[in-house]
Structure formats: C-alpha cells, structure tokens
Amino acid sequence: MKSVLIVMDGLGDRPIDEFKGKTPLEAAKTPNLDKLSASGVNGIMDTIAPGVTPGSDTSHLSLFGLDPEEHYHGRGPLEVLGVGVGLKHGDICLRANVGTVEPDMTIKDRRAGRIDSTAEHCKALDGLKIDGVEIILKPSAWYRAALVLRGKGLSPNVGKNDPKEVGVKVMEVKPLDNSTAAKKTAAVLNKLTKLAYEKFKDLPINKKRTATGKLPGNMLLFRGAGKYVPAPTLEERFGIKAACVAGGGLYKGVARYVGMEVIDVPGATGRYDSDYDAMVKAVKAALDDHDLVFLHFKATDSAGEDGNPQLKKEMIEKMDKAIGGLLSLKDCIIVATADHTTPCSLKHHSYEPVPVVMAAPGVRTDDVIAFGERSCAKGGLHRMRGLDLIHVILAHMGVLKLYGA
Ligand code: ZN
C-alpha cells in the first residue's frame, strides 16, 4: 500500500460571525474531503502538544516523525535546504533578502522594490572567504537568497543585521553568548554586511534599475541563523522512499531534511495562484516510484494571516476540488490534515488542534461524515500528537515491524 499525506497549511480556525459561527472549513463546500471523512477514520491532532502554538517548521518536523525538541536547529537550515543548497554538518545557515539602503545604512526598502532576481548579487559574493570562512550565497525566489557560512569554529548563536523595519539602520550582528565561535561568526557577518554594500552598489542590475526609477538592491539583509545538523531520513528509519510536492521553500526544505525527493512542479508557487491540479498530477506520477508522497498547500495559512475568512473558504474549496483527483487511487492511504491553526481573527498561528482524516482500505471507520474541526473531534483517532501520525500511516501501510513477539 502507498500513501499520500496532504497538509493544508494553517487550515484550522475559530468560529466566524459572517459564517454564522462556523469555521471557514466548516462553511466551505468540500465534497471530496467529506468523502474521505465518511470512508475513513477521523480525529483532531496537536501537531506538537496541547497548548503549544506550532511554527510551520517545527510542526512539519513533527508530522514527519522527528521530535523538534531534538531535531529543530532554527529556520535557517530548512530555508536553505528549500533553495536546494547542499549542506555540510556544522554549516551556519541564514535567510537573506536583498534590500535597499541609503548611504548611511538606513533601510529604505527591505525587498528592494520586490526586485525579481538576486542572481547578480549572489554571484558577487558567492565563494568569497572572510577570515577563512567560505561565504555561500544562492538566489531564491524574487528578492530572497540563501546564505551559508562554512568553516571551522562557527556558532549559530548570533543575531541578525535585518531589523525587519524601514527607516532604521542596518543592525550590527551581535554574538548571543560569550564563546569565541559566536564572536567570530558575528565578526564575519558584520564584514559581510560591509562587503555586500561595496559589491552591490555598482552592479549592472542596479544601474539599470536606478536609470528606470526603480530602487537598487544594494544591501544583503539576513536573519534566522541556525546550524545544519543532519537528521535520519525516512528511508533510514523506516525503509520507505518519499517525495514532496510543494510550492513554498520551507516545506521543500523540511522535506529534503527528512530525505524526501522534492519534485519541482511548474505553477506550484505557494501563493494564491498556485496550480493545484498540476500539483495533484505530480503526486500521482510520484506514487509510481515512491511509497509516500507529501502534498503541501499553503494558501489556507496565507488567507488566515491576511485575516480573510472568505478567501480562506475559497482556497479550501479550491484544494478540495484538486484533491478529488486522488480519490480514485487504488491501494492508497489518503491522509488530509494541517500543520497548525491560523485563525482569521488573530492573523497568526494559534494553539488549537487541527482536524485529521485517514482514508484507506481496511481502516476502522467511524461516524464522522464531514471534514471539519468539530466533526473530526468525534472520530476514532480521537486526539493525537503530530509525532505519532507517521507511525499510524506506516503501520497501516504494513511497513512497521511487530513490537515484541
Ligand atoms: Zn504552517
């Protein structure tokens, strides 16, 4: 038996007045998700633990069976893996933006007018050495880039140069402890800040941008330092081959971290316009040579963070329609769930558990006939932890061995 794990990011919500007290998921027309609920076993899930508000990074680690208490080393390494940069144990990884600063280092725009490529910027710094430390800088989508420091005696325990607001100066990177490694890493990053301005200001792309009235990309802003420490892969732990279909970089990064093959799908943007039908088609194709395929939809979380329940409902309906293409798969477990709750009323993540359904031949069905936060709470999976989900899936696939004799 094979399996598809569908994660609708930030799907969970709270009652909404304009939906007469229903959540966006409860208010949405979801015939396909409801079919899964009616033919499957349902429950609610705390992806980390009751009362803990999960990040998307920690919750996905948990969904893939890695305890974030042990395996989470900051957002940086996961974002960098998402860009496809090959990492070595001990690399210090950061998320980076190309932004615009005044000559006195006051930030004018953190995204350089949403500059559409950082390729020239990355080329100007990639491969250089500062104090014996190799700088690796690779372009990501739009104004984003992935920054890696590779060398001896480095520490992830350093601050950032990105204040995350405009009208203030680029920050000096501070060591966050008294170690020689943290001091050295902060010093390298401060030299990199200066070097970035020198190398970026005269790049051809900036001359062109300035000539057409656009903001130049003349500064590298970075944050979220983390150390890359490899984790055991799904293949090493369970002997299964897994693949990922996602638009957003972070999700590709977590997938690579657990050894999944990331399948790039044209049109999978991770934004509202993402081509879900193309993603579902890619999932079906990936099932030919993988045991488990992870499918990630982002727009539910984005609509929650935008505080737009109507849009969240529409996005859920769009996802439901696309998922219909998976319902005819034979001998396949379909699991649909979320990584956390993102209430439109809060515009950020919250602690409430998320609904989960597992539909497959032979599952012990329950009385739930609709996929929703409250309906799934009455199902046979009851209230479970995210860390256990992969074990439940693999057990039903027949992959896990007898415990004892
Ligand atoms: Zn999320």
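Starting from 1, each residue takes its place in the sequence as its number. Whatever order the structure lists them in is the order used to number ligands and atoms, beginning at 1. Excluded from the calculations below are hydrogen atoms, water molecules and symmetry mates; all remaining heavy atoms, backbone and side chain alike, are included.
Restricting Asp9 to its N, O or S atoms, the one at the least distance from the Zn ion (ligand 1) is OD1. Of all N/O/S atoms in Asp339, OD2 sits nearest the Zn ion (ligand 1).
Distance alone, capped at 3.5 Å, places no donor-acceptor pair between the Thr341 side chain and the Tyr351 backbone.
Considering only residues two or more places apart in sequence or on other chains, Phe19 meets the ring-ring contact (aromatic ring centres under 6.0 Å, His included) condition with none of them. Applying the ring-ring contact (aromatic ring centres under 6.0 Å, His included) criterion to Tyr72, with sequence neighbours excluded, gives no partner residue.
With a cut-off of 2.8 Å, the Zn ion (ligand 1) has an N, O or S atom of Ser56 in range. The distance from the Zn ion (ligand 1) to the nearest N/O/S atom of His60 is not under 2.8 Å.
Taking the ring centre of Tyr251 as origin, the terminal cationic atom of Lys298 falls outside the region bounded by 6.0 Å and 45° from the ring axis.
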